[in-house]
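FYI, side chains are in, hydrogens and waters are out, and symmetry mates aren't considered; it's all heavy atoms of this structure.
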Amino acid sequence: PYTVKLYRYNVLYATKTAKVKNITFDSLPVGSYYAKAWGDGATGNAFGKSKTVNVVPIPGTLPATAIGATKATLHWTLVSCAKFDSIYYRVHGTTTWTQKNTVGNKDSLAITGLTASTTYDWQVAAVDSANGIIARGPFSPIAMFITTTTPLANGNSDNSTGAATGTSFNNRITVLPNPAVNYFVIKYFASVHEKVTATLIDVNGKAVWNSGLIDGVSLDGRRVRVDQFAKGIFYLKIINENGELMATAKLVIAK
């Protein structure tokens with residue numbers, strides 16, 4: 001029979017013996033693992049050793065909030081049993097990441113020292129450790145947010161940057177060009193697996209255009225012709241599948 005010993009943080013965690021070449025260890029807690037396998041019942045040094053594998057779940061990213069000119073609060077789904085979380089962020093289009101670690105297992109982190117009117121990428125990974133060994137899980141998909149135009153917007157709960165720019169609450173949506181003459185393009189920074197509905201509403205509260213429920217990612221870059229609308233002021237609202245307002249932007253149609 002084959003004997004396999006599974007080690008967690010260099011400490012023996014479990015042993016199994018079988019006459020097959022595939023042995024499964026399930027329901028493993030977060031940690032750093034490797035295995036040793038013997039063909040002689042684990043009586044000597046003739047064994048094979050696996051590579052080290054980190055068993056850590058991937059956090060899911062949520063919309064950034066409290067976005068100002070120089071700060072933002074990043075949110076993610078809590079991963080149980082992790083010691084802390086490692087957050088990396090950078091200016092969109094660059095290659096250098098800044099790293100911040102939480103103190104304890106958290107589901108958010110406020111970052112400061114950002115640059116106004118700038119798009120940022122960010123991602124997060126859960127981390128566990130023991131016996132001087134770090135087990136960091138895979139990073140979440142990259143999410144994005146945009147800082148506001150002026151430091152005066154810091155602390156403003158809805159982070160509106162003004163109608164002229166078409167930049168929205170939560171800084172997750174922009175409509176360009178604004179004013180629109182022939183068409184406008186929606187730029188929307190979606191969360192992972194987010195489903196949303198975009199609705200264009202006139203000043204009287206009447207919906208004049210609706211995207212239907214679609215993936216938030218597919219909304220980004222959507223081009224809408226304006227010849228079907230009257231001249232005037234409109235509001236583009238993004239609602240998620242739970243009916244929650246995710247973002248809104250003011251749009252002027254001039255034709």
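In this structure, the side chain to side chain contact (heavy atoms under 4.5 Å, CB included) partners of T119, at least two apart in sequence or on a different chain, are H92, M144, I146, F189. Legend: residues meeting salt bridge (charged side-chain N to carboxylate O under 4.0 Å, His left out) with K237, ordered by chain and number and at least two apart, are absent. Taking the side-chain hydrogen bond (donor to acceptor under 3.5 Å, both in side chains) definition, one finds that T199 meets it with N210, sequence neighbours left out. For S129, the side chain to side chain contact (heavy atoms under 4.5 Å, CB included) test picks out K83, I134, with sequence neighbours left out. Residues passing the side chain to side chain contact (heavy atoms under 4.5 Å, CB included) test with I133, sequence neighbours excluded: Y9, N10, S32. For P57, the side chain to side chain contact (heavy atoms under 4.5 Å, CB included) partners at least two apart in sequence or on another chain are V30, V79.
In this structure a side-chain-to-backbone donor-acceptor pair under 3.5 Å is missing from S108 to L74. Using modelled atom types, no side-chain atom of D85 and backbone atom of L78 make a donor-acceptor pair closer than 3.5 Å. A distance-only check finds no donor-acceptor pair linking the side chain of K49 to the backbone of Y34 [under 3.5 Å]. With Y120 contributing its side chain and T115 its backbone, the two residues share a donor-acceptor pair below 3.5 Å. Judged by distance alone, with hydrogens and angles left aside, the side-chain atoms of S140 form a donor-acceptor pair with the main-chain N or O of V124 at under 3.5 Å. Remark: the backbone N or O of A116 is paired with a side-chain donor or acceptor of T118 at under 3.5 angstrom.
Taking the ring axis of Y183 as reference, the NZ or CZ atom of R223 stays within 45° of it and closer than 6.0 Å to the ring centre. Both the sub-6.0 Å distance and the 45° axial angle are satisfied by K5 relative to the ring of W38.
A chain of hydrophobic side-chain contacts below 4.5 Å, direct or via other Ile, Leu, Val, Met, Phe, Trp or Tyr residues, connects V55 to Y13. Under the 4.5 Å side-chain heavy-atom criterion for ILVMFWY residues, no single connected hydrophobic cluster contains both F47 and I23. Both I253 and V224 are assigned to one and the same hydrophobic cluster, defined by single-linkage of ILVMFWY side chains at heavy-atom distances under 4.5 Å. Clustering ILVMFWY residues whenever any of their side-chain heavy atoms sit less than 4.5 angstrom apart, transitively, puts L200 in a cluster other than the one holding V185. With hydrophobic clusters built from ILVMFWY side chains whose heavy atoms lie under 4.5 angstrom apart, F145 shares a cluster with V91.
Here the shortest heavy-atom pairing between R8 and G31 reads NE-CA, 4.0 Å. Between A35 and L6, the shortest heavy-atom contact is CB-CD1, 4.2 Å. Closest of all the heavy-atom pairs between I239 and M246 is C-CG, 4.4 Å. Contact between A125 and G137 at its shortest, heavy atoms only, is CB-O, 3.5 Å. The minimum heavy-atom distance linking S86 with Y88 is given by the pair OG-CE1, 3.3 Å. Taking every heavy atom of both residues into account, A249 and I173 meet most closely at CB-CG2, 4.1 Å.
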If you apply the rule side chain to side chain contact (heavy atoms under 4.5 Å, CB included), what do you find for L219 with I238, and how did you get there?
CA-CA 10 Å; L219 183 63; I238 310 300; 3.7 Å; yes
When you look at D121 and Y89, which way does the side chain to side chain contact (heavy atoms under 4.5 Å, CB included) test go after all the steps?
CA-CA 6 Å; D121 303 328; Y89 62 94; over 6 Å; no
What's the verdict on side-chain hydrogen bond (donor to acceptor under 3.5 Å, both in side chains) for T17 and T3, showing C-alpha distance, side-chain angles and the deciding distance?
CA-CA 4 Å; T17 301; T3 296; 3.3 Å; yes
What's the verdict on side chain to side chain contact (heavy atoms under 4.5 Å, CB included) for N240 and K195, showing C-alpha distance, side-chain angles and the deciding distance?
CA-CA 6 Å; N240 68 12; K195 289 190 177 297; over 6 Å; no
Would you sort out whether T147 and T70 count as a side chain to side chain contact (heavy atoms under 4.5 Å, CB included), showing the intermediate values?
CA-CA 7 Å; T147 53; T70 61; over 6 Å; no
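The closest side-chain donor-acceptor pair between N101 and Q99 falls under 3.5 angstrom. Side-chain contact annotation: H75 with T65, donor-acceptor N/O pair under 3.5 Å present.
By the neighbour-count criterion of 12 heavy atoms within 6.0 Å, atom NZ of K36 is densely surrounded, having more than that number from other residues, nucleotides or ligands. For N22, the CG atom is loosely surrounded, since the number of other residues' heavy atoms within 6.0 Å does not exceed 12.
P141 is not listed as a side-chain neighbour of Q123, based on a closest heavy-atom distance of 4.5 Å or more. T174 has its side chain out of reach of Y188: every pair of non-hydrogen atoms, C-beta onward, lies at least 4.5 Å apart. The shortest distance between side-chain heavy atoms of F184 and L176 does not fall below 4.5 Å. A 4.5 Å side-chain heavy-atom check between V208 and I201 finds every atom pair outside the cut-off. Side-chain contact check for E241 versus V196: every heavy-atom pair is 4.5 Å or farther apart. Side-chain atoms of W209 and F229, non-hydrogen and from C-beta on, do get closer than 4.5 Å to each other. For the pair V4/F25, a side-chain contact is recorded, criterion being any heavy-atom separation below 4.5 Å from C-beta on. Contact annotation: the side chain of T102 approaches that of I87 to within less than 4.5 Å [non-hydrogen atoms, C-beta and beyond].
No option in L251, I186, T248 other than I186 meets the side chain to side chain contact (heavy atoms under 4.5 Å, CB included) test with L236.
In summary, K187 and D220 engage in a salt bridge, as defined by a charged side-chain N under 4.0 Å from a carboxylate O.
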